[in-house]
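To start, the structure itself, in structure tokens.
Predicted model, so just to flag it, every value in this text is computed and none were measured. Any value given below was found using the heavy atoms of this structure, including those in side chains, with hydrogens, waters and symmetry copies removed.
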Amino acid sequence: MIWNEHIECMSRDELREIQSKRLCETVERVYYNVPFYRKKMQELGLEPGDIKGIQDLSKLPFTTKQDLRDNYPFNLFAVPMSDVVRVHASSGTTGKPTVVGYTRRDLSSWSEVVARSLHCAGVAKNDRIQIAYGYGLFTGGLGIHYGAEKVGATVIPISGGNTKKQLNLMSDFESTVIACTPSYALYLAEAMEEQGIDPAKLKLKTGIFGAEPWTNNMRKQIEAKLHIKAMDIYGLSEVMGPGVACECSYQNGLHVAEDHFIPETISTDTLKNVDMGMEGELVFTTITKEALPILRYRTRDLTVLNYDKCECGRTMVRMQKCTGRSDDMLIIRGVNVFPSQIESVLLEMSETKPHYLLIVERHNNLDTLEIWVEVDEAFFSDEIRKLENLTKKITHEIQSTLGISVKVKLVEPKTIERSEGKAKRIIDRRKLV
């Protein structure tokens with residue numbers, strides 16, 4: 001199923017021509033309408049005429065989340081507020097939120113790329129999509145909502161939370177698609193089990209999951225527990241919202257809407273582009289946005305770009321599932337640690353639940369990592385020897401993966417707080433010292 005075959009299957013040469021034209025228009029727009037970018041470009045000795053096409057992309061300055069916060073709330077907008085018909089803001093936990101704006105044309109483009117993404121994931125007009133992403137300033141709910149309506153699917157805009165009602169409507173309304181965070185999908189599966197609901201008897205067939213990093217092992221868990229196909233969708237408010245990229249039925253990378261967003265991967269050390277096929281930090285330049293065009297935005301997400309044509313027929317570049325975020329990365333005694341590495345180990349084990357918590361502390365100038373792991377009810381035992389053996393097994397597997405010593409603490413089922421949004425995986429107490 002391809003929503004816009006002409007665009008999604010065009011040749012790389014045709015696509016580069018479109019990207020080059022739109023990039024030049026965007027650079028001119030920000031230079032003359034956004035003082036922040038004009039100053040950035042002038043500091044580099046750049047004028048709009050120096051950018052001839054996509055080959056000059058690396059000459060342009062980077063943009064960071066801090067830049068958006070420093071220009072809070074509307075100083076990066078390239079149009080007058082009278083042309084801005086909607087604003088969203090990030091759900092950041094520190095500092096000021098990042099604010100994004102949309103013109104009518106921006107909203108139309110957003111609906112188009114989300115419709116393309118949903119169709120890519122197998123959602124069609126006869127589907128009923130239950131949207132359990134949050135509505136409001138968060139872009140997830142409304143972003144998926146308008147794209148689903150453009151596809152023609154029946155939208156059930158329940159928003160996040162209220163798990164009992166989620167399950168009731170899922171059954172009564174015969175939802176065929178669920179859209180939420182992957183951690184909440186597992187939470188729903190857990191709730192179904194508690195309430196004696198057989199997921200096989202529901203009409204659910206597809207899940208559209210994003211807003212947080214998740215591994216292929218977690219995908220397997222979700223698919224097995226909910227009897228669905230779990231599809232990865234990618235987006236971030238600074239670039240647009242959901243719909244920047246999405247998987248197709250082959251689940252071999254997420255197709256990026258390259259006619260709207262130009263992706264790059266860079267080294268976090270040198271800030272230079274990495275070689276094709278190498279992992280790097282994902283960077284996006286928007287080339288159709290009017291209200292908030294953005295140049296070379298450092299997402300902090302780590303991925304690999306694949307320019308080979310997909311088996312589905314689409315020619316747009318694919319990005320691998322993000323392995324983590326460079327700013328979520330923990331450095332423990334000089335070793336880089338990502339929560340996704342630990343999650344992969346735990347999901348390989350039948351004795352553990354996919355719920356864990358990383359607690360980082362500093363004792364006598366030495367960093368320590370303690371990992372709380374929920375044990376499956378079927379394996380939780382009062383026998384100390386069994387728990388000790390399981391602790392040793394998990395500790396060995398995690399230490400082999402990370403290359404550092406860790407302390408593993410087994411906890412009873414339901415001990416770790418559940419989340420109806422993004423799961424909180426890390427408590428870093430070093431920052432409080």
Can you see whether E343 engages T215 through a side-chain donor-acceptor pair at a distance of less than 3.5 angstrom? yes
Are side-chain N/O atoms of D67 and Y297 paired as donor and acceptor at under 3.5 Å? no
Verify side chain to side chain contact (heavy atoms under 4.5 Å, CB included) between K407 and T368, making sure each step is shown before the conclusion. CA-CA 8 Å; K407 180 181 179 181; T368 63; over 6 Å; no
Would K414 and E194 pass as an ion pair if we require N to O under 4.0 Å? yes
Residue pair L76 / I294, side-chain heavy-atom distance below 4.5 Å: no
Mind running side chain to side chain contact (heavy atoms under 4.5 Å, CB included) on I427 and L357 for me, showing each step along the way? CA-CA 7 Å; I427 296 177; L357 188 65; 3.8 Å; yes
ring-ring contact (aromatic ring centres under 6.0 Å, His included) against W214, all qualifying residues, sequence neighbours excluded: F209
Main-chain N/O of F261 paired to T286 side chain as donor or acceptor, under 3.5 Å: no
Any side-chain heavy-atom pair from L44 and K59 closer than 4.5 angstrom? no
Can you give me the closest heavy-atom contact between V274 and S267, atom names plus distance? CG1-N, 3.4 Å
Carboxylate-amine/guanidinium contact E174 R128, below 4.0 Å: yes
Answer yes or no: is there an ion pair linking E281 with R298, defined by an N-O contact shorter than 4.0 Å? yes
Determine, stepwise, if the pair T315 / Y307 fulfils side-chain hydrogen bond (donor to acceptor under 3.5 Å, both in side chains). CA-CA 8 Å; T315 53; Y307 288 86; over 6 Å; no
Give a yes or no on whether Q55 atom CD has more than 12 heavy-atom contacts from other residues, nucleotides or ligands under 6.0 Å away. yes
Could you tell me the separation between the CG atom of L282 and the CZ atom of F284, rounded to the nearest 0.5 Å? 4.0 Å
Looking only at heavy atoms, which two atoms of I54 and L23 are closest? And how far apart? CA-CD2, 3.8 Å
Walk me through whether S171 and L202 qualify under side chain to side chain contact (heavy atoms under 4.5 Å, CB included). CA-CA 6 Å; S171 175; L202 298 175; 4.0 Å; yes
Can you say whether the rings of Y102 and W110 are parallel (under 30°), tilted (30 to 60°) or perpendicular (over 60°)? parallel
Is the closest basic N to carboxylate O distance between E264 and R296 below 4.0 Å? yes
Go through it in stages, so that I can follow the logic: the residues are N162 and Q166, the test is side-chain hydrogen bond (donor to acceptor under 3.5 Å, both in side chains), and I'd like the CA-CA distance, side-chain angles, deciding distance and then a yes or no. CA-CA 6 Å; N162 203 341; Q166 295 274 3; over 6 Å; no
Does the side chain of V113 reach to within under 4.5 Å of the side chain of V244, using non-hydrogen atoms? no
Close side-chain approach of Y72 to R69, heavy-atom, < 4.5 Å: no
Ion pair K321/D232, N-O distance below 4.0 Å: yes
Under 4.0 Å between a Lys/Arg side-chain N and an Asp/Glu carboxylate O for K424 and E417? no
Any side-chain heavy atom of P182 sitting closer than 4.5 Å to one from I222? yes
Side chain to side chain contact (heavy atoms under 4.5 Å, CB included) assessment of H355 paired with E190: CA-CA 11 Å; H355 303 292; E190 201 171 68; 3.4 Å; yes
S11 side chain to E14 side chain, donor-acceptor N/O pair below 3.5 angstrom: yes
Minimum heavy-atom separation for A89 and P97, please, with both atom names. CB-CB, 4.2 Å
Side chain of R430, backbone of E361: donor and acceptor closer than 3.5 Å? no
Atom pair CD (E374) and OG1 (T352), whose distance is rounded to the nearest 0.5 Å: 10.0 Å
Test ring pair (Phe, Tyr, Trp, His ring centres under 6.0 Å) on Y133 and H145; report intermediate values, then the result. CA-CA 10 Å; Y133 287 112; H145 183 117; over 10 Å; no
Between V99 and F77 the two heavy atoms that sit nearest each other are O-CE1, 4.1 Å
Give me the atom names and distance for the closest heavy-atom approach of S237 to T98. OG-OG1, 4.3 Å
For side-chain hydrogen bond (donor to acceptor under 3.5 Å, both in side chains), just list the numbers for H260 and T288, CA-CA rounded to whole Å, side-chain angles, deciding distance to a tenth of an Å, and then say yes or no. CA-CA 6 Å; H260 292 273; T288 57; 2.8 Å; yes
Could you give all pairs that pass the side-chain hydrogen bond (donor to acceptor under 3.5 Å, both in side chains) test and reach residues 196-213, with sequence neighbours left out? D127-K205, S183-E212
Out of curiosity, L302 CG to T265 OG1, how far, rounded to the nearest 0.5 Å? 10.5 Å
Just how far is it from atom CZ of R318 to atom SG of C246, taken to the nearest 0.5 Å? 13.5 Å
Would you check if the side chain of E258 reaches a backbone N or O of V317 as a donor-acceptor pair within less than 3.5 Å? yes
Verdict with reasoning, E223 to K229, per salt bridge (charged side-chain N to carboxylate O under 4.0 Å, His left out): CA-CA 6 Å; E223 291 185 335; K229 192 156 190 174; over 6 Å; no
Inspect the surroundings of CE in M276 and state if more than 12 heavy atoms from other residues, nucleotides or ligands are less than 6.0 Å away. no
Counting C-beta onward and ignoring hydrogens, is there a side-chain heavy-atom pair between M240 and V114 closer than 4.5 Å? no
To the nearest 0.5 angstrom, please state how far the CD atom of Q251 sits from the SG atom of C312. 12.0 Å
Test item: M192 and L167 side chains (from C-beta on) under 4.5 Å apart, heavy atoms: yes
Any side-chain heavy atom of H255 within less than 4.5 Å of one from E8? no
Applying salt bridge (charged side-chain N to carboxylate O under 4.0 Å, His left out), run through R105 and D83 and close with a yes or a no. CA-CA 10 Å; R105 182 181 166 195; D83 290 341; over 6 Å; no
Atom CE of M278 with >12 non-hydrogen neighbours under 6.0 angstrom: no
Salt bridge or not for R29 and E25, using N-O below 4.0 Å? no
Any idea which heavy atoms bring S117 and I233 closest together, and the distance? CB-CD1, 4.0 Å
In terms of side-chain geometry, is the basic nitrogen of E17 or R22 positioned less than 4.0 Å from the acidic oxygen of its partner? no
Is the Lys NZ or Arg CZ of R425 less than 6.0 Å from the centre of Y356's six-membered ring, within 45° of the axis? yes
Roughly how far, to the nearest 0.5 Å, is CD1 of I178 from CD1 of I156? 8.5 Å
For T63 and Y37, does a side-chain donor sit closer than 3.5 Å to a side-chain acceptor? yes
Report yes or no: is the cationic atom of R418 (NZ for Lys, CZ for Arg) closer than 6.0 Å to the six-membered ring centre of Y187, at no more than 45° off its axis? no
